[in-house]
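The structure appears below as C-alpha cells.
When a ligand or atom number is given, it counts from 1 through the structure's own listing order. This chain uses plain numbering: 1 for the first residue, then up along the sequence.
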Amino acid sequence: MSDKPKVWVSRPLFADVLDYLARHVEVEVESEESTRTAAQLRQRLAVVDGAILGLSERVGADVLEGNNRLKVIANLGVGFNNLDIDAMTGAGVLATNTPDVLNESVADYAWALMLAAARRVGAAERWLRAGHWAGSAMRFDDWLGVDIHGKTLGVLGMGRIGQAIARRAAGFDMRVLYHNRSRLAADIERDCRANWVEKDTLLSESDHLILVLPFTPANRHAMGAPELARMKPSAVLVNVARGGIVDDVALAAALREKRIGAAALDVFEGEPSVHPDLLALDNVVLSPHIASASEDTRRAMALLAAENLLAALGLGQSAGHPPTPLNPEVMDRW
Ligand code: DGY
C-alpha cells in the first residue's frame, strides 16, 4: 500500500501531466468523461485527498457531506460556476481554477465563431457537402454575409478574455465598444482601443456582439428577449462565456424571425443538450464548449490544475502555495 496522497482525475488528461502527478501522488484517472450523479460524485470524492474535475461536475454541500478527507478540487477551467465555493469553504476544501493561461486561445476562438457566423461558413459548408453546388444555379447574390472589417465590435464583459478579444479588432479596423460593471483604467482602454458605453448602447450599436461575462445568478438571461430586441437586425451575437447567460429559446426565436442576423454559440443552457430550436436553424454556428481547446492551452490548463492540486497537498514545485486558489482562506484552517 502506498502512503502517498490519493487523487482522482475525472477524465483523461495529457500523459505527461499524469506522469508529473504520479511522481508525487497515487493517481486514479478515468478513461472517459461521463456524467455522474451527486451520489456517485460523493462516493468517489470520499476516498481521495484531492481531485481534478471538469466543468460538468457539480460540487455542492450534498456532494461534500460527511467528507473529512478531501482537501482540494482543482477545476479544469477558468469558470467555476459548477463549484459551490461557499459550501467548499464550509467543508474546508480548497477550490482552484485555471485563469489566464486560456485568454488568448478563447479570444482566437471567439473571433473564429464571429467570422464563421458573419460569413455563413458553417451553412455554406453543409450545403456544399450535401452536393448542392454542382448543378445548382448559384447566383451572384447568394450566400451574402455581413462584413467584420470597419464595423462596430461590442464586448459584454471586459475581463482579461474580453480585452484579448478587443485587442484583435485593430487588425480589422473596427470600432470597439464594451460594457462592464466598472469602467477599465484609461491605459487598458487605450491598449484595447475600446470605449465604455451603457449596456443599451452596446446592444443597439454593435454589429457584432461577443459575450464574455462570468455566469452568476444575476447574469442569468443577461441576453433575453428584451436585450435581443435592442440589437440591429443584421447583428451577430457570439457566446463563449457560459450557457444560461443567453436565453436560448428567445435567441432561437429572434434568429428564426430574422430579428437578428446570426449567432455563434460555444455554450448552452443545459449543455451537453442543445435546444432543438437552435439545432433547426441555419443562421447559427454551434460548437461543443471548445473555446479553450487548442493543444497548447488545454495542456497549460491541465498543468496548472495539477500544480494547484499538488501544491494544496504540500507537494510539487509550488508546495503549500497553490498558484490560483479561489478560497485560500480554507488553508489557514488545515
Ligand atoms: C473555462 O475555462 O471556463 C472555459 O469555459 C473552458 O473552455
Original post:
Do we see a donor-acceptor contact under 3.5 Å between the side chains of E307 and S318?
Top reply: yes
**OP:** Just jot down the ligand 1 atoms closer than 4.0 angstrom to any heavy atom of H289, in number order.
**Re:** 4 (C), 5 (O), 6 (C), 7 (O)
Subject >> Heavy-atom neighbours of R193 CZ exceed 12 at 6.0 Å >> reply: no
Original post:
In the protein, which heavy atom is nearest to atom 3 (O) of ligand 1, and how far is it?
Top reply: R242 NH2, 2.7 Å
Subject >> Partners passing side-chain hydrogen bond (donor to acceptor under 3.5 Å, both in side chains) against D248 (at least two apart in sequence or in another chain) >> reply: none
Original post:
In terms of atom number and element, which parts of ligand 1 are under 4.0 angstrom from non-hydrogen atoms of G77?
Top reply: 1 (C), 2 (O)
**OP:** Number the atoms of ligand 1 from 1 as they appear, then name those within less than 4.0 Å of a heavy atom of L102, with their elements.
**Re:** 2 (O)
Original post:
Hey, which atoms in ligand 1 end up nearer than 4.0 Å to a heavy atom of G79?
Top reply: 1 (C), 2 (O), 3 (O)
**OP:** Give the numbers and elements of all ligand 1 atoms closer than 4.0 Å to a heavy atom of S292.
**Re:** 6 (C), 7 (O)
Original post:
For H289 and E271, does a side-chain donor sit closer than 3.5 Å to a side-chain acceptor?
Top reply: yes
Subject >> Option of least heavy-atom distance to atom 1 (C) of ligand 1 (set: V78, V240, I161) >> reply: V78
Original post:
Which heavy-atom pair separates M231 from A235 by the least distance, and what is that distance?
Top reply: CE-CB, 3.8 Å
Original post:
With R259, which residues qualify under salt bridge (Lys or Arg N to Asp or Glu O under 4.0 Å), at least two apart?
Top reply: E257
